[in-house]
Amino acid sequence: MQLSIFRFNPERDDKPYVQDYEIELRATEVMLLDVLLRIKAQDNTLTFRKSCREGVCGSDAMNINGRNGLACITPLRWLKEPVMLRPLPSFPVIRDLVVDMTRFFSQYHSIKPYLINAEPLPEKERLQSPEERDKLNGLYECIMCGCCTSQCPSSWWNPDKFVGPAGLLQADRFIADSRDRATQERLDDLNDVYRLFRCRTIMNCTEVCPKGLAPSRAIESIRLAMLKNSL
Ligand code: SF4
Ligand code: SF4
Ligand code: FES
């Protein structure tokens with residue numbers, strides 16, 4: 001298999017370059033991460049993140065043949081050669097395929113990603129009915145990999161002001177939670193030309209999410225909640 005991989009080590013390189021690799025596939029190598037691990041065994045200067053190998057930790061998000069995805073759940077048979085691997089677009093590069101996610105996580109923290117409820121604690125736990133719990137499906141599964149935000153044009157142009165699809169999906173997760181008591185505060189915070197309304201419904205986010213989630217639907221649901229609240 002032929003791969004072309006973006007390389008950049010700011011301590012050594014004046015500018016980025018692309019390095020070609022050729023690997024004879026083994027029968028046990030099924031996913032893109034399997035091949036990356038073998039390249040790493042031969043060339044330990046290649047740098048990328050990974051952890052769970054199961055599409056759960058979100059750390060091996062990268063741009064694969066022009067489309068963001070997770071290397072560990074991208075089957076090799078899906079890929080046209082030479083496979084071009086780049087770091088997540090629009091995120092600052094630290095080294096090779098590793099990007100700086102500071103701004104991404106600061107947008108996430110800005111939506112207060114935790115339950116807000118000052119009512120006295122029940123003896124055991126705050127209960128939900130099965131119907132209330134069902135409202136979190138399609139939202140709680142987000143692994144914060146960054147694939148959606150990195151491929152969102154509105155995030156490229158206003159990364160400091162637009163929360164971005166991942167953060168907005170998480171905002172909807174707490175707005176939809178029957179145990180949360182800060183719905184109005186959350187909606188007021190997002191009711192801004194940049195924070196939420198910079199989304200232009202381009203749908204790249206939903207198109208690339210490797211977990212099959214739909215941030216654009218979550219954004220629409222926040223807009224509808226705002227409308228309902230204003231009537
Ligand atoms: S919505 Fe999907 S693409 Fe975006 S951060 Fe969550 S899991 Fe990743
Ligand atoms: S739908 Fe909105 S959040 Fe999603 S990619 Fe388009 S502009 Fe970005
Ligand atoms: S290694 Fe954890 S999502 Fe791929």
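As the structure lists them, so they are numbered: ligands from 1, and atoms in each ligand from 1.
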**Asked** So which protein heavy atom does atom 1 (S) of ligand 2 come closest to, and at what separation?
**Response** M203 N, 3.2 Å

**Complete:** Under 4.0 Å from one or more heavy atoms of C57, ligand 3 contributes atoms 1 (S), 2 (Fe), 3 (S)

**Request:** Could you tell me the residue and atom name of the protein heavy atom closest to atom 6 (Fe) of ligand 1, and the distance to it rounded to 0.1 Å?
**Result:** C142 SG, 2.3 Å

**Item:** Nearest-contact summary for atom 3 (S) of ligand 3 - protein heavy atom, Å
**Value:** G58 N, 3.2 Å

**Request:** Output the list of atoms in ligand 1 that are nearer than 4.0 Å to some heavy atom of A166, sorted by atom number.
**Result:** 5 (S)

**Request:** Please state which part of T201 comes within less than 4.0 Å of ligand 2, counting heavy atoms only: side chain, backbone, both or neither.
**Result:** backbone

**E207 side, atom CD; Q151 side, atom CD - distance, nearest 0.5 Å** = 9.0 Å

**Asked** How far is atom 8 (Fe) of ligand 1 from its nearest protein heavy atom, and which residue and atom name does that atom have?
**Response** C145 SG, 2.4 Å

**Fill in**
At under 4.0 Å between heavy atoms, what of M144 touches ligand 1? The answer is backbone

**Prompt:** Is a donor on one side and an acceptor on the other found under 3.5 Å between the side chain of D34 and the backbone of V30?
**Reply:** yes

**Asked** Can you say whether the rings of F8 and F6 are parallel (under 30°), tilted (30 to 60°) or perpendicular (over 60°)?
**Response** perpendicular

**Asked** Going by the atom numbers of ligand 2, which of them fall below 4.0 Å from some non-hydrogen atom of R200?
**Response** 2 (Fe), 7 (S)

**Request:** Examine ligand 1 and decide if any of its atoms is less than 4.0 Å from a heavy atom belonging to P165.
**Result:** no

**Fill in**
K211 heavy atoms within 4.0 Å reach ligand 1 at atoms 7 (S)

**Prompt:** Relative to the heavy atoms of C72, which atoms of ligand 3 are at a distance of less than 4.0 Å?
**Reply:** 1 (S), 3 (S), 4 (Fe)

**Item:** Straight-line distance of L169 CG to S216 OG, nearest 0.5 Å
**Value:** 9.5 Å

**Asked** Using a heavy-atom cut-off of under 4.0 Å, does the side chain or the backbone of C205 touch ligand 2, or both, or neither?
**Response** both

**Item:** Heavy atoms from other residues, nucleotides or ligands near CD of E24 exceed 12 (cutoff 6.0 Å)
**Value:** no

**Where ligand 3 meets V56 - atom numbers and elements under 4.0 angstrom, heavy-atom basis** = 3 (S)

**Message:** Please list, in number order, the atoms of ligand 1 under 4.0 Å from a heavy atom of P210.
**Reply:** 3 (S)

**Request:** Considering heavy atoms of the protein only, find what lies nearest to atom 1 (S) of ligand 3 and give residue, atom and distance to 0.1 Å.
**Result:** R53 N, 3.2 Å

**Complete:** In this structure, atom 2 (Fe) of ligand 1 is nearest to the protein heavy atom C209 SG, 2.3 Å

**Message:** Checking a contact table here: which protein heavy atom is nearest atom 3 (S) of ligand 2, and how many Å away?
**Reply:** I219 CD1, 3.5 Å

**Request:** Mark up the atoms of ligand 1 that fall under 4.0 Å of a heavy atom belonging to G146, in ascending order.
**Result:** 5 (S), 8 (Fe)

**Item:** Nearest-option assignment for atom 4 (Fe) of ligand 3, heavy atoms, candidates L33, D60, I143
**Value:** D60

**Prompt:** Does the side chain of T206 come within less than 4.5 Å of P215's, by heavy atoms?
**Reply:** yes

**Prompt:** Pick one: which of I73, L36, L70 meets side chain to side chain contact (heavy atoms under 4.5 Å, CB included) with D60?
**Reply:** L70

**Request:** For S51, take its heavy atoms, then give the atoms of ligand 3 lying under 4.0 Å from any of them.
**Result:** 1 (S)

**Fill in**
atom 7 (S) of ligand 1 has as its nearest protein heavy atom I143 N, 3.5 Å

**Request:** Give the numbers and elements of all ligand 3 atoms closer than 4.0 Å to a heavy atom of G55.
**Result:** 3 (S)

**Asked** Does atom CG of D14 have more than 12 heavy-atom neighbours from other groups under 6.0 Å away?
**Response** no

**Complete:** The single option from R7, R95, K40, R12 that satisfies side-chain hydrogen bond (donor to acceptor under 3.5 Å, both in side chains) with T45 is R7

**Message:** Which of the numbered atoms in ligand 3 are under 4.0 angstrom from any heavy atom belonging to C52?
**Reply:** 1 (S), 2 (Fe), 3 (S)

**Asked** Should the heavy atoms of other residues, nucleotides or ligands under 6.0 Å from CZ of R86 be counted, would the total exceed 12?
**Response** no

**Prompt:** Which ligand 2 atoms, with their elements, are less than 4.0 angstrom from a heavy-atom of N204?
**Reply:** 5 (S)

**Asked** So does K211 have more than 12 non-hydrogen atoms from other groups sitting under 6.0 Å from NZ?
**Response** yes

**Request:** Would you check if there is a donor-acceptor pair between the side chains of N137 and R133 at a distance under 3.5 Å?
**Result:** yes

**Residues, nucleotides or ligands: over 12 heavy atoms within 6.0 Å of E54 CD** = no

**Item:** Atom CZ of R49 with >12 non-hydrogen neighbours under 6.0 angstrom
**Value:** yes

**Message:** Which residue is it: K135, R126, Q128, E131? I am looking for the one with a side-chain hydrogen bond (donor to acceptor under 3.5 Å, both in side chains) to S178.
**Reply:** Q128

**Item:** Nearest-neighbour protein heavy atom for atom 4 (Fe) of ligand 1, which is reported as residue plus atom name and distance
**Value:** C148 SG, 2.3 Å

